[in-house]
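Taking it in order: structure first as structure tokens, then the write-up.
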Amino acid sequence: MICQTNNLKIVEAILDKADRGEDLSETEALTLLQQKNPQAIARIKQTADSLRQKQVGDTVTYVINRNINFTNICEQHCSFCAFRRDVDQEGAFWLNSEQILLKTAEAVQKNATEICMQGGLNPQAKLNGTSLDYYLHLVATIKQQFPQLHLHAFSPQEIEFIAREDGISYEEVILALQKTGVDSMPGTAAEILDDAVRKIICPEKINTATWLEIISTAHRLGMPTTSTMLSGHIETPAQQIAHLAKLRSLQKTAIQNNYPAKITEFIILPFVGQEAPKPLRHRVGRDQPSLSDTLHLTAVARIFLGNWISNHQPSWVKLNLSGATEALTWGCNDIGGTLMEEHITTMAGAQGGTSMSVETLQQAVNSLNRPYQQRTTLYEYIQLN
Ligand SMILES: C[S@@+](CC[C@H](N)C(=O)[O-])C[C@H]1O[C@@H](n2cnc3c(N)ncnc32)[C@H](O)[C@@H]1O
Ligand SMILES: Nc1c(NC[C@H](O)[C@H](O)[C@H](O)CO)[nH]c(=O)[nH]c1=O
Ligand SMILES: N[C@@H](Cc1ccc(O)cc1)C(=O)O
Ligand code: SF4
């Protein structure tokens, strides 16, 4: 009993420090993440919610966007991925320009402001013998017809793939994509920024240092990025906090060096195991993410990152809309995108759906008595006339 009282005092002292606007150390954040006592977790939630209120206000934003996954053919074999296929495997797909344009036109008709484009790493996807020309063609296909759309495309892993295939630098790839019309970069492929974890869950992927290098290069070149964490598989709480610390220092680098771009948001992507490849699914022993673990981590992420990364988004695809709505009371301030079609985690067995109407997202926010607001990809409010 005495021990628990002492423990609560330690938690209160850490939360007081956060309340005063100070950054927590990794050790302090880890203490918050390791709490099991419901009273302590309730206090962590309260602090995250009040910091969210102070840092970004009560308004909950959303973006009207469409995902386009141009191919699921991938040379890699990440142990969590149910999306990838070999080229000759059943279910492999590779969209042509006409199909991509049709999807884009449909999205524009539904008032989308953003196309979010990511895909598998397909060595056959080349034009004039180069990967870069293929990717530039993808971008130009969309941007020539719809120059007003914001193109949020290609993770650091995709950047490295193009650079490796063509023997050019990350900087050359990013500059060429930017010039042709890519407006921002999804911060996926971060998974857990710990090389021991990466060796097990994504051994063929870029390592931690390369992920950080590509994101920082993007910022230096004026390309904003998002940031993510794939949580709830084999990683420890300490590795989760170390991941957040790497994101925080990356953002500090962008801000303190006056780079023309930085991280716009943080999204937790809880691992969905149901249809994921069996070894990892069995090791994790859970088909769907743990909502309580994800909410606890959501609160700690707001407390640890909020001074530097102010926008936090839950994933309704992975948590269901009800879980994502709850996350808005644990530190999140954005309900995400309409997506229109989601394949990556839906193929892994996610239950949240593949598309949300604007009205449904608005109703979810309304249920909390908070105001909603449409935003651009870069979090500017869109005023409707
Ligand atoms: C499928 S990749 C697409 C882009 C590119 N192939 C790459 O790996 O960066 C996008 C992200 O989806 C997420 N993802 C994949 N499978 C998942 C799963 N089973 N549960 C949750 N997120 C998953 C991972 O974080 C991954 O980085
Ligand atoms: N949470 C998920 C997202 N979120 C990304 C947003 O839709 C949007 O692209 C971003 O906020 C930039 O504006 N996308 C997914 O495909 N799946 C998710 O689970
Ligand atoms: N988080 C990515 C988008 C994304 C998230 C999860 C996915 O499974 C796929 C894509 C972004 O930067 O916007
Ligand atoms: S996560 Fe990306 S790189 Fe890994 S197997 Fe899936 S599509 Fe390929």
Side-chain angles (χ1 to χ4, degrees), residues 61-84 112-122 150-161 183-192 198 201-202 204-206 211 214-215 224-233 263-277 280-281 284 286-289 294 311-319 324 327 332 334-350 352-356 361 375-380:
T61 49
Y62 61 90
V63 61
I64 307 184
N65 65 352
R66 178 170 197 150
N67 275 344
I68 298 183
N69 299 125
F70 55 97
T71 186
N72 62 352
I73 299 168
C74 187
E75 64 165 20
Q76 297 197 357
H77 309 79
C78 300
S79 74
F80 49 79
C81 184
F83 170 73
R84 73 160 304 282
T113 61
E114 168 195 312
I115 295 291
C116 176
M117 189 152 70
Q118 305 193 94
L121 313 170
N122 180 356
H150 180 111
L151 192 52
H152 180 61
F154 313 133
S155 75
Q157 179 56 64
E158 291 171 288
I159 302 296
E160 186 272 346
F161 171 71
D183 298 290
S184 58
M185 182 188 291
T188 41
E191 322 310 359
I192 292 291
R198 300 178 84 75
I201 65 164
C202 50
E204 299 157 300
K205 265 203 162 120
I206 50 176
W211 190 90
I214 293 175
I215 293 281
T225 74
T226 60
S227 62
T228 65
M229 177 198 290
L230 182 75
S231 68
H233 41 91
I263 296 171
T264 58
E265 70 187 12
F266 172 68
I267 317 174
I268 294 173
L269 305 171
F271 168 64
V272 176
Q274 191 171 300
E275 306 296 333
L280 185 65
R281 174 184 157 214
V284 173
R286 205 190 312 104
D287 279 347
Q288 295 297 323
T294 308
N311 300 307
H312 292 225
Q313 176 190 136
S315 172
W316 53 256
V317 179
K318 296 157 184 75
L319 296 176
C332 287
D334 181 81
I335 190 69
T338 55
L339 298 185
M340 296 186 199
E341 52 175 324
E342 205 285 338
H343 298 285
I344 296 172
T345 12
T346 301
M347 286 171 86
T354 70
S355 178
M356 284 288 159
L361 292 178
R375 65 163 169 96
T376 66
T377 305
L378 304 180
Y379 283 81
E380 298 140 344

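As the structure lists them, so they are numbered: ligands from 1, and atoms in each ligand from 1.
- Given atom 13 (O) of ligand 3, the protein heavy atom at minimum distance is His152 NE2, 2.9 Å.
- Of the possible polar contacts, none joining the Arg375 side chain to the Thr61 backbone as a donor-acceptor pair under 3.5 Å is found.
- Of the possible polar contacts, one joining the Trp211 side chain to the Thr188 backbone as a donor-acceptor pair under 3.5 Å is found.
- Listed by atom number, the atoms of ligand 2 under 4.0 Å from Asn65 heavy atoms are 6 (C), 7 (O), 8 (C), 9 (O).
- The nearest protein atom to atom 12 (O) of ligand 3, hydrogens excluded, is given as Thr226 OG1, 2.2 Å; this is a heavy-atom distance.
- Geometrically, ligand 1 and Gln157 share no nitrogen or oxygen pair separated by less than 3.5 Å.
- Not one N or O on the side chain of Thr354 forms a donor-acceptor pair closer than 3.5 Å with the backbone of Glu341.
- Below 3.5 Å of separation, one finds an N or O of Val272 facing an N or O of ligand 1.
- Considering only non-hydrogen protein atoms, atom 2 (C) of ligand 3 sits nearest to Thr188 CG2, 3.7 Å.
- For atom 8 (O) of ligand 1, the closest heavy atom belonging to the protein is Lys205 NZ, 3.0 Å.
- Counting only non-hydrogen atoms, the option in Val317, Leu269, Leu280, Leu230 that gets closest to atom 23 (C) of ligand 1 is Leu230.
- Both the backbone and the side chain of Thr377 come within 4.0 Å of ligand 2, judged by heavy-atom distances.
- Between Ser315 and ligand 2, an N or O atom pair is found at a separation short of 3.5 Å.
- Evaluation of the salt bridge (Lys or Arg N to Asp or Glu O under 4.0 Å) rule for Arg198 yields no partner, not counting sequence neighbours.
- For atom 21 (C) of ligand 1, the nearest non-hydrogen atom of the protein is Thr345 CG2, 3.2 Å.
- Considering CD1 of Ile263 and OG1 of Thr226, their distance stands at 8.5 Å, rounded to 0.5 Å.
- For ligand 2 and Gly337, the ligand atoms under 4.0 Å from any heavy atom of the residue are 7 (O).
- At least one N/O-N/O distance between Ser155 and ligand 1 falls below 3.5 Å.
- Under a 4.0 Å criterion applied to the non-hydrogen atoms of Ala348, ligand 1 contributes the atoms 19 (N).
- Note that OG of Ser79 and NE2 of His77 are 12.0 Å apart. Values are rounded to the nearest 0.5 Å.
- Residue Gln76 places every heavy atom at 4.0 Å or more from ligand 1.
- The nearest heavy-atom contact from the protein to atom 7 (C) of ligand 3 is Lys318 NZ, 4.1 Å.
- Residue Arg375 has at least one nitrogen or oxygen atom sitting less than 3.5 Å from a nitrogen or oxygen atom of ligand 2, judged on distance alone.
- Contact annotation: the side chain of Glu204 never approaches that of Leu121 to less than 4.5 Å [non-hydrogen atoms, C-beta and beyond].
- Separation of atoms CD (Glu265) and OG1 (Thr225) is listed at 9.0 Å; rounding is to 0.5 Å.
- The nearest protein atom to atom 6 (C) of ligand 3, hydrogens excluded, is given as Leu269 CD2, 3.6 Å; this is a heavy-atom distance.
- Not one N or O of Lys318 is nearer than 3.5 Å to an N or O of ligand 1, by distance alone.
- Below 3.5 Å of separation, one finds no N or O of Ile344 facing any N or O of ligand 1.
- Looking from atom 1 (N) of ligand 3 to the surrounding protein, the closest heavy atom is Ile267 CD1, 3.3 Å.
- Near His152, with a cut-off below 4.0 Å to any heavy atom, the atoms of ligand 2 are 9 (O), 12 (C).
- Scanning the protein heavy atoms around atom 25 (O) of ligand 1, the nearest turns out to be Glu191 OE1, 2.7 Å.
- Ligand 2 has a nitrogen or oxygen under 3.5 angstrom from a nitrogen or oxygen of Asn67.
- Set against the non-hydrogen atoms of Leu339, the atoms of ligand 2 under 4.0 Å away are 7 (O), 14 (N), 15 (C), 16 (O), 17 (N).
- The closest protein non-hydrogen atom to atom 10 (C) of ligand 3 is Gln118 NE2, 2.8 Å.
- Nearest to atom 3 (C) of ligand 2 among the protein's heavy atoms is Gln313 OE1, 3.8 Å.
- Proximity of Glu275 to ligand 1 is not established, as no heavy-atom distance is less than 4.0 Å.
- The distance from ligand 1 to the heavy atoms of Ala189 drops below 4.0 Å at these ligand atoms: 9 (O), 27 (O).
- Checked against a 3.5 angstrom limit, the closest N/O atoms of Gly119 and ligand 1 fall inside it.
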Stepwise side-chain contact (heavy atoms from CB on, under 4.5 Å) check, Ile192 with His233: CA-CA 10 Å; Ile192 292 291; His233 41 91; 3.6 Å; yes
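- At a 4.0 Å heavy-atom cut-off, ligand 1 touches Pro270 through the backbone alone.
- The protein non-hydrogen atom at the shortest distance from atom 10 (C) of ligand 2 is Glu265 OE2, 3.1 Å.
- The closest protein non-hydrogen atom to atom 9 (O) of ligand 2 is Glu114 OE2, 2.6 Å.
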